[in-house]
Trainee: 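Handing you this structure, nothing more for now.
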Amino acid sequence: MKRIVWDPSGDATHVVEKGGFRTLSGQVGHILDELRHPDPRVRAATMEAYPAAVRALERAKLTSETDCRHVRVERAPHLKRVQVEIGARCNLRCSYCFSSRGPEDGRRLSRQSVLELIEECDRLGVLGLDLTGGEPLLDPDWELYVIAARSAGIAVFL
């Protein structure tokens, strides 16, 4: 599934796919926005005004309801990547680590808090989510967070 994020403030369209994301011209986002307009007259006028572009978007499956989600960023600047420190626990005691974390440090965000942050990232059109910690893979719910973010079309980085 593709996730298309149009940022009119930056005049850019971001297409998020399994392998990452790419940025297209803002005109693409405008056309996609108009093709999803609730008024059929607006959709018809857009198809008439941009026939070649509409055909190209259809071939790329950027207008399909089943193959993509379209998110319009409503405010500027567009927050593209978010870092969430899900917990403080770490299985190492590195002398150079600035966080002074260790195996006994059990502080962590609640599962509900992290899932709510992921939902908010989706609403804001965030493209990428960095899960950090201590060591994020020690959090018992890390897989749930990755699944939730990827289901929303957000790229995940650990």
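If you read the sequence from its start, that first residue is 1, and numbering goes on from there. Bear in mind that the values here come from a model prediction, so they are computed numbers and not experimental data.
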Trainee: Is a donor on one side and an acceptor on the other found under 3.5 Å between the side chain of Arg89 and the backbone of Asp139?
Mentor: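 Here the side-chain-to-backbone pair does not exist.
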Trainee: Check whether Trp6 and Val15 end up in the same hydrophobic cluster, where Ile, Leu, Val, Met, Phe, Trp and Tyr are linked by side-chain heavy atoms less than 4.5 Å apart.
Mentor: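 No.
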Trainee: Ignoring hydrogens and geometry, is there a side-chain-to-backbone donor-acceptor pair from His78 to Ser9 under 3.5 Å?
Mentor: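 Absent.
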Trainee: Answer whether the closest heavy-atom distance between the side chains of Ser110 and Glu116 falls below 4.5 Å.
Mentor: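 The answer is no, as the side chains (C-beta and beyond) never meet within the 4.5 Å cut-off.
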Trainee: Is there side-chain contact between Leu127 and Val5, with heavy atoms separated by less than 4.5 Å?
Mentor: yes
Trainee: Name every donor-acceptor pair, under 3.5 Å, that has one atom in a side chain of residues 28-35 and the other anywhere in the protein, sequence neighbours excluded.
Mentor:
unit_1 : atom_1 : unit_2 : atom_2 : d
Asp33  : OD2    : Arg72  : NH1    : 2.3

Trainee: I'd like to know if Arg123 pairs up with Glu120 as an ion pair, taking the criterion as any Lys NZ or Arg NE/NH1/NH2 lying under 4.0 Å from an Asp or Glu carboxylate oxygen.
Mentor: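 Result for this pair is yes, salt bridge flagged.
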Trainee: Below 4.5 Å, heavy atoms only, C-beta onward: do Lys80 and Phe21 meet side chain to side chain?
Mentor: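 Contact flag for Lys80/Phe21 side chains = no.
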Trainee: With rounding to the nearest 0.5 Å, note down the distance linking OG1 in Thr13 to CD in Gln27.
Mentor: 9.0 Å
Trainee: Using only atom types and a distance under 3.5 Å, with no angle test, would you say the side chain of Thr23 pairs donor to acceptor with the backbone of His14?
Mentor: no
Trainee: Distance from Asp130 atom CG to Arg81 atom CZ, nearest 0.5 Å?
Mentor: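 Those atoms lie 4.0 Å apart.
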Trainee: Can you list, by chain and residue number, the hydrophobic cluster partners of Val82 when the side-chain cut-off is 4.5 Å?
Mentor: Leu79, Val84, Ile86, Leu109, Val114, Leu115, Leu117, Ile118, Leu124, Val126, Leu129, Leu131, Leu137, Trp142, Leu144, Tyr145, Val146, Ile154, Val156, Leu158
Trainee: Output the distance between atom CZ (Arg108) and atom CG (Leu138), rounded to the nearest 0.5 Å.
Mentor: 11.0 Å
Trainee: For the CE atom of Met47 and the CG atom of Leu57, what is their distance to the nearest 0.5 Å?
Mentor: 10.5 Å
Trainee: Give me the atom names and distance for the closest heavy-atom approach of Val71 to Arg69.
Mentor: CG2-NH2, 4.0 Å
Trainee: Looking at Gly134 and Cys90, what are the two nearest heavy atoms and their distance?
Mentor: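 Here Gly134 and Cys90 meet closest at CA-CB, 4.0 Å.
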Trainee: Could you check if a side-chain atom of Arg3 sits within less than 4.5 angstrom of a side-chain atom of Asp122, using non-hydrogen atoms only?
Mentor: yes
Trainee: CZ of Arg55 to OH of Tyr50: how many Å apart, nearest 0.5 Å?
Mentor: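 Between atom CZ of Arg55 and atom OH of Tyr50 there are 15.0 Å.
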